[in-house]
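Notes follow the structure.
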2 protein chains.
Amino acid sequence: MAQKVKLSTIAEALGLSTATVSLALRDSPLVADVTRERIKEAARELGYIYNRRAASLRTSRSGIVGVCVHDVMNPFYGEILRSIESELDRNRQTFILCNHHDDLSKQRAFVDTLLQLGADGLILSPALGTPAADIGLAEENGLPAILIARTIEGAGVHGFRGDDAYGMGLAVDHLVSLGHRSIAMIGGTRATSTGREREAGYLAGLARGGIAFRTEWRMEGPRDRHSGFDSAAAFLALAERPTAIVCFSDLVALGLMYGLARGGVRPGIDIAVVGYDDIEEAGIATPPLTTVSNGQSEVGERAATALLERLAGMPAMEHTTLIRPELKVRQSCGSGGEE
Amino acid sequence: MAQKVKLSTIAEALGLSTATVSLALRDSPLVADVTRERIKEAARELGYIYNRRAASLRTSRSGIVGVCVHDVMNPFYGEILRSIESELDRNRQTFILCNHHDDLSKQRAFVDTLLQLGADGLILSPALGTPAADIGLAEENGLPAILIARTIEGAGVHGFRGDDAYGMGLAVDHLVSLGHRSIAMIGGTRATSTGREREAGYLAGLARGGIAFRTEWRMEGPRDRHSGFDSAAAFLALAERPTAIVCFSDLVALGLMYGLARGGVRPGIDIAVVGYDDIEEAGIATPPLTTVSNGQSEVGERAATALLERLAGMPAMEHTTLIRPELKVRQSCGSGGEE
DNA sequence: CTGAAAGCGCTTACAG
DNA sequence: CTGAAAGCGCTTACAG
């Protein structure tokens, strides 16, 4: 590797000062056009690489935003990330990703790293059991935070998520309107706001339908495809098998459908299944999955925008924006629906 | 936000020099035990946050490794990332992730960012059409690179990937041994080393089986679940329909199976389907997917290890390590197999 | 329109 | 075992 090219290398080569070179490279109007072009050309020729650490040490702006979610391999988060990414890209922010896998210590280590790097902001889907104080710590140290998908009481920051109770109610209402009187709910945990809200929506839906809830209908736990698959066996073993199932997520529903089919029970024909999230795969599954659209791209886009506003100097505001979910009727409830 | 706490804040509070504080916080044996404890305690009490930009500017080591792949939502890459992540975590390297979506300019912008941040290394699954010179540029500027999943001729660095030609041959041999004489291959493109190798393996397998290749058997293109699904229609429209299909990837196979089922053709019963990669979902799909295990976690782990060795001072070596694939027989070829 | 100088917060020889 | 001083590569008032 040749001698490192820095601002002063360019300055010396051109007989100028580093101040002028610095200004020129950032398109300052203070520098004469001719000079600027000479400088830019020299920079290109010399293979100059801007040193962001040095700049950031001086300006205390790093151009880095941290994004931390449960797991990027989960399409639900993947779809949110996609819109965050395009929003941040447009604003020339680099983003650092982290999966916390609901491990609080991993999440903390990540926030710490962001602090050390002088990151400009954080978009977080908090791990199970994240105390409000963790968000406070970040904010106090100059790291503005925005919450997505899950929210935390008293965190004092803006959060964006779907209206889970309402959405799950939509799913149950749909099944009730189809004539179902025994409806199970598989997956999710009360340890997250999402899990609690969706369960509440399920219970409220049953109540609206005049259906008395039975504890064996509620199978807590599964939150991914594999555990959804595994839950099929337990479900099929039920003495009085419900005629319909609402799932915590599409991933759980998709795994469950694999499992039900394996057990000889045909989703959409022998039993009704509803998912939640409306991930891309839901539309091509066989049978196509009836589900509740959860506004992933809207969550991502609005969260990114909100963070950019914070970076621009807007104050934090404690508020949760609920994105309105929508029922997507396809064939997994045997009800015809969209092609 | 209170006044920023830095090394000198601690030094002043304790009546020591910043040099001593710096050494103590990094557990240097040069500092007396008592002093070190006093310093660490003060740091904790004052809420000191280590400024990595400043440190990195001085040491020119950043503790950052960049990882860039086609798309982290693709479980194939997701599984590789998982093992990279755990390997790097153990070595306290922060990693920055980027999806290039086979867009060369995105990949270049990312490498540029790494250079500006003074990143320590790069693990890359190169975008379509990446010239060897791009890798050279990174290396010349002190950013050691390791390639995964796809390799580039003449890049001069170490790469890790599955032996695709051999693996695809395994799939075809299996189908031939089951008695199939007409075998299609769906998905993949000749623009990547992976696509070329897998196609070569398919062709070689046919030749070994004494089967004359027919151009309509080769349906290029699909590389994700959705396009796999879409390809089912084209396949079902074939005048003389092959009795078996090898797919470019599990994702393509899984999407295809959804599509075939939608068309009333039952995978594992009416037609044999083989995937590639052995992602986790393959085992729970219905029917369980026969596929070729592609050693994702081995690729990730070895690539990370190789990079860490480079960081420790080992020279670059131009070499491609081929991980040996393995056939996983399940039920999608109607052949019984594992439970 | 351009330059000289200070400073961002660390670490690292070098003294003592 | 601890301290004084230089320097990493930028940017930003301040002069001129």
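Both backbone and side-chain heavy atoms feed into the values below; hydrogens, waters and symmetry mates do not. Chain A is the first sequence line, chain B the second, and so forth, proteins listed ahead of strands; every chain is numbered from 1.
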*Residues two or more places apart in sequence or in another chain: which of them pass side-chain contact (heavy atoms from CB on, under 4.5 Å) with A:L46?*
A:V5, A:I10
*Name all residues meeting the side-chain contact (heavy atoms from CB on, under 4.5 Å) criterion together with A:T35; count only those two or more places apart in sequence or in a different chain, and write none if there are none.*
A:L16, A:T20, A:V31, A:A32, A:I39
_With sequence neighbours excluded, residues passing ring pair (Phe, Tyr, Trp, His ring centres under 6.0 Å) with A:H101_ = none
*asked:* List the residues meeting ring pair (Phe, Tyr, Trp, His ring centres under 6.0 Å) with A:F160, not counting sequence neighbours, and say none if there are none.
replied: A:H158
*Quick one, give me the B/S/- string for nucleotides 10-16 of chain C, reading 5' to 3', where B means a protein heavy atom under 4.0 Å from the base and S means that only happens at the primed atoms, P, OP1 or OP2.*
BBB----
*Kindly write out the residues that satisfy side chain to side chain donor-acceptor pair (under 3.5 Å) with B:R223, not counting sequence neighbours, or none if the list is empty.*
B:D102
*Considering residues at least two apart in sequence or located in another chain, which fulfil the side chain to side chain donor-acceptor pair (under 3.5 Å) criterion with A:T18?*
none
Please report, rounded to the nearest Å, how far the [atom2] atom of [N] is from the [atom1] atom of [X].
X     : N     : atom1 : atom2 : result
A:K4  : D:dG7 : NZ    : P     : 18 Å
B:R52 : D:dC8 : CZ    : C1'   : 17 Å
A:R36 : C:dT2 : CZ    : P     : 10 Å
B:R38 : D:dT2 : CZ    : C1'   : 12 Å
B:I39 : D:dG3 : CD1   : C1'   : 12 Å
A:L57 : D:dG7 : CG    : P     : 17 Å

_Is there a side-chain hydrogen bond (donor to acceptor under 3.5 Å, both in side chains) between B:R150 and B:T130? Walk through the geometry before answering._
CA-CA 10 Å; B:R150 300 173 180 171; B:T130 302; over 6 Å; no
*Any side-chain N or O of A:T20 under 4.0 Å from OP1/OP2 of C:dT2?*
no
*asked:* Does anything in residues 40-50 of chain A form a side-chain hydrogen bond (donor to acceptor under 3.5 Å, both in side chains)? List the pairs, not counting sequence neighbours.
replied: A:D27-A:K40
_Dot-bracket line, read 5' to 3' along DNA chain D, where crossing pairs take [ ] and | marks a partner on another strand, Watson-Crick or G-U under 3.5 Å_ = |||.||||||||.|||
*Return the orientation label for the B:H70 and B:Y77 ring planes: parallel under 30°, perpendicular over 60°, tilted otherwise.*
parallel
*Could you check whether A:G15 gets within reach of a base, just the sugar-phosphate, or nothing at all, counting any heavy atom under 4.0 Å?*
sugar-phosphate
